[in-house]
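As structure tokens, the structure follows; a few thoughts come after it.
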Amino acid sequence: MTFKSSSSFAGVTKIIVNTSGASSINATLTVTVGGTQIGSQIKLTTTATDYTFTSDTPLTGEVVLTYTQTSSKAIYIKSISVTYAE
């Protein structure tokens, strides 16, 4: 499952995603900006958690959240926060 921003952001340095999965979830989340991975891939848990993805270098482009899973369990997204230069 992939979520993509409808426009590009300039100067992205941090993205915070509050996400979790249903019981017995087996899924990971990867975040990219302009095709460059930001931060490390995380493994979802059943507890809603703020995961922070950061880059030392400001990135420009579409923000893409890619969830990959081997289970057919629900994935929940509570919030997404993007820090970028104006």
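Please read these numbers as outputs of a predicted model, since none were measured by experiment. By convention here, the first residue in the shown sequence is residue 1.
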The reported gap from OG in S8 to CG in L59 (rounded to nearest 0.5 angstrom) is 12.0 Å

- Item | Heavy atoms from other residues, nucleotides or ligands near NZ of K78 exceed 12 (cutoff 6.0 Å) | no

Would you please test L29 and Q41 for side-chain contact (heavy atoms from CB on, under 4.5 Å) and show each step? CA-CA 6 Å; L29 168 61; Q41 181 182 69; over 6 Å; no

So OG1 of T83 and CZ of F53: to nearest 0.5 Å the spacing works out to 13.5 Å

Q69 meets the side-chain hydrogen bond (donor to acceptor under 3.5 Å, both in side chains) criterion, sequence neighbours left out, with S71

With sequence neighbours left out, the residues meeting side-chain hydrogen bond (donor to acceptor under 3.5 Å, both in side chains) with T32 are none

Residues at least two apart in sequence or cross-chain that pass side chain to side chain contact (heavy atoms under 4.5 Å, CB included) with T68, listed by chain then number, are T28, T66

**Study point:** Under 3.5 Å donor-acceptor, S5 side chain and V63 backbone
**Key:** yes

- Query: Taking the side chain as C-beta and beyond, is there a heavy-atom pair between E62 and V33 under 4.5 Å?
  - Reply: no

Do N26 and K73 have side-chain N/O donor and acceptor atoms under 3.5 Å apart? no

d(T2 OG1, L65 CG) to nearest 0.5 Å is 9.0 Å

Heavy atoms of T46 and S24 approach each other most closely as CG2-N, 4.4 Å

Q) Is any side-chain heavy atom of T52 closer than 4.5 Å to a side-chain heavy atom of T54? A) yes

Hits for side chain to side chain contact (heavy atoms under 4.5 Å, CB included) against T45, two or more places apart or cross-chain, chain-then-number order -> T47, T49, Y51

Sorted by chain and residue number, the ring-ring contact (aromatic ring centres under 6.0 Å, His included) partners of F9 (sequence neighbours excluded) come out as Y84

Could you pull out every donor-acceptor pair under 3.5 Å between side chains of residues 11-23 and any protein atom, sequence neighbours left out?
unit_1: N18; atom_1: ND2; unit_2: D50; atom_2: OD1; d: 3.0
unit_1: T19; atom_1: OG1; unit_2: Y67; atom_2: OH; d: 2.9
unit_1: T19; atom_1: OG1; unit_2: Y76; atom_2: O; d: 2.6

Membership question, hydrophobic clusters at under 4.5 Å side-chain separation (ILVMFWY): are V64 and F3 in the same one?
no

